[in-house]
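To start, the structure itself, in structure tokens.
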Amino acid sequence: MQTMPIIQKRDDFPILQKVIYGKYPLVYLDNAATTQKPRQVVEAMTEEYYNVNANVHRGVHFLSQKATELHEASRETVRRFLNARSTSEIIFTRGTTESINLVASCFGQAFMKAGDEVIVSEMEHHSNIVSWQLMQERLGIRLRVVPITDDGRLVMDEYVKLFNERTRIVSITHVSNVLGTVNPVKDIVRIAHEHNVPVLIDGAQSSPHMKVDVQELGCDFYAFSGHKIYGPTGIGVLYGKEEWLDRIPPYMGGGEMIKNVSFERTTFNALPYKFEAGTPDYVATTGLAKALDYVNAIGLDAIEAHERDLTAYAMQRLMEVDGMHIYGPGIEEHDAVISFQVGNIHHLDMGTLLDRLGIAVRTGHHCAEPLMRRLGIEGTCRASFALYNTREEVDALVEGIRRVSQMF
Ligand code: PMP
């Protein structure tokens with residue numbers, strides 16, 4: 001029932017009408033890597049470049065004030081989207097990667113020293129591993145890793161055991177970009193807080209698919225990327241509780257993040273600007289706000305219901321294929337990402353041949369090499385869904401996989 005109003009939105013996405021290798025319409029199932037953009041987002045950005053463009057926060061002139069208004073209104077849209085307490089808690093970054101690096105670097109500098117520990121998990125994206133390893137190099141901190149079960153769920157008993165007097169922060173993904181696992185982040189936060197340890201949630205794969213309320217989750221930091229939620233590339237968000245953002249140092253130095261500068265002593269701007277050195281991508285923030293408006297107008301509950309339905313249907317249909325193996329948990333804990341392997345067909349061959357049939361899926365290690373190692377594989381094929389995908393596209397995928405299998 002819920003699928004109808006969403007499917008009708010396909011017309012908002014011109015790229016979905018593209019013919020690829022003579023195949024029409026394009027079956028785009030690489031949404032976990034990036035989503036397509038609706039006209040509303042692209043047009044809002046074009047409109048800003050054509051009619052409003054001027055640098056923000058600095059000018060007394062008309063256009064600068066207009067651009068600033070748009071930029072700050074976008075921050076308010078993000079605040080509402082996450083239900084943060086204040087716009088001071090919304091920092092614009094280039095994306096999830098930069099948001100995580102910011103926390104690792106600044107929190108690390110303020111609160112961690114040699115021997116202190118960060119808890120991550122075995123299913124993290126490289127951005128939530130390597131950022132901390134840079135701190136390992138710089139400060140001598142240690143990474144502690146929550147293991148996963150064979151079906152790709154966190155072993156919560158082991159998580160609890162990792163806490164000790166050296167634990168300074170937990171940094172864990174909300175949803176796995178490989179397995180689709182939806183992690184119990186509320187429990188993760190509650191347990192960490194019982195040890196007075198703050199939590200960073202990597203929301204790259206949760207923000208597009210489910211309602212996120214940072215106050216309800218109780219997390220201290222939450223990171224997401226605009227391009228994975230129908231917004232432009234190059235823009236993302238770090239939510240941080242004011243009490244933490246106030247206590248950690250700036251990330252980069254430059255214009256905007258300062259109050260006064262002299263060669264003897266520089267003071268820093270108020271939140272959130274303390275973390276926003278240089279000219280922000282104020283056109284992208286408009287695009288991001290438009291994308292969030294777009295998602296809100298459909299409703300994240302409706303999007304989630306549609307994608308859950310599609311994922312359940314896809315898991316059931318895929319299992320009809322001979323030799324099919326699907327990674328990750330059962331449908332109850334499975335978000336709109338399905339990693340699979342068919343017999344001994346190499347994932348690269350499968351992805352390349354599906355592409356020739358007009359079906360775009362992801363192949364490889366999905367920036368999660370430690371997870372691949374845990375699963376004993378080099379890579380997978382991954383299909384991931386967005387609000388515009390349909391059951392017919394799932395059928396096309398299954399048919400495509402069958403055709404590829406027959407070639408081997
Ligand atoms: N974390 C997860 C779980 C992701 O899926 C991704 C993107 N694949 C990232 C972090 C990094 O996001 P970005 O490249 O937009 O910074």
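Counting begins at 1 with the first residue of the sequence. We count ligands from 1, going down the list as the structure has it; atoms in each ligand are counted the same way.
Cation-pi contact between K211 and F81: present, with separation from the ring centre below 6.0 Å and deviation from the ring axis of at most 45°.
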Exercise answer: donor-acceptor pairs, residues 171-179 side-chain atoms, under 3.5 Å, sequence neighbours excluded:
from : atom 1 : to   : atom 2 : distance (Å)
S171 : OG     : N128 : OD1    : 2.6
S171 : OG     : N128 : ND2    : 3.4
S171 : OG     : W132 : NE1    : 3.3
T173 : OG1    : V175 : O      : 3.0
T173 : OG1    : D202 : O      : 3.4
H174 : ND1    : S206 : OG     : 2.9
S176 : OG     : V178 : N      : 3.1
S176 : OG     : L179 : N      : 2.8
N177 : ND2    : H366 : O      : 3.0

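Side-chain N/O atoms of E117 and N164 include a donor and acceptor closer than 3.5 Å.
Applying the side chain to side chain donor-acceptor pair (under 3.5 Å) criterion to Y251, with sequence neighbours excluded, gives no partner residue. Take H347 and apply the ring-ring contact (aromatic ring centres under 6.0 Å, His included) test, not counting sequence neighbours, and it matches no residue.
Checking each of E122, E369, E124 against R374 for a salt bridge (Lys or Arg N to Asp or Glu O under 4.0 Å) leaves exactly one that passes, namely E122.
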Report all N/O contacts between ligand 1 and the protein shorter than 3.5 Å as a table of atom names and distances to 0.1 Å; if there are none, say 'none'.
from     : atom 1 : to   : atom 2 : distance (Å)
ligand 1 : 1 (N)  : D202 : OD1    : 3.3
ligand 1 : 1 (N)  : D202 : OD2    : 2.5
ligand 1 : 5 (O)  : Q205 : NE2    : 2.7
ligand 1 : 8 (N)  : H125 : NE2    : 3.3
ligand 1 : 8 (N)  : K228 : NZ     : 2.9
ligand 1 : 15 (O) : S225 : OG     : 2.7
ligand 1 : 15 (O) : H227 : NE2    : 2.7
ligand 1 : 16 (O) : T96  : N      : 3.4
ligand 1 : 16 (O) : T97  : N      : 2.9
ligand 1 : 16 (O) : T97  : OG1    : 2.6

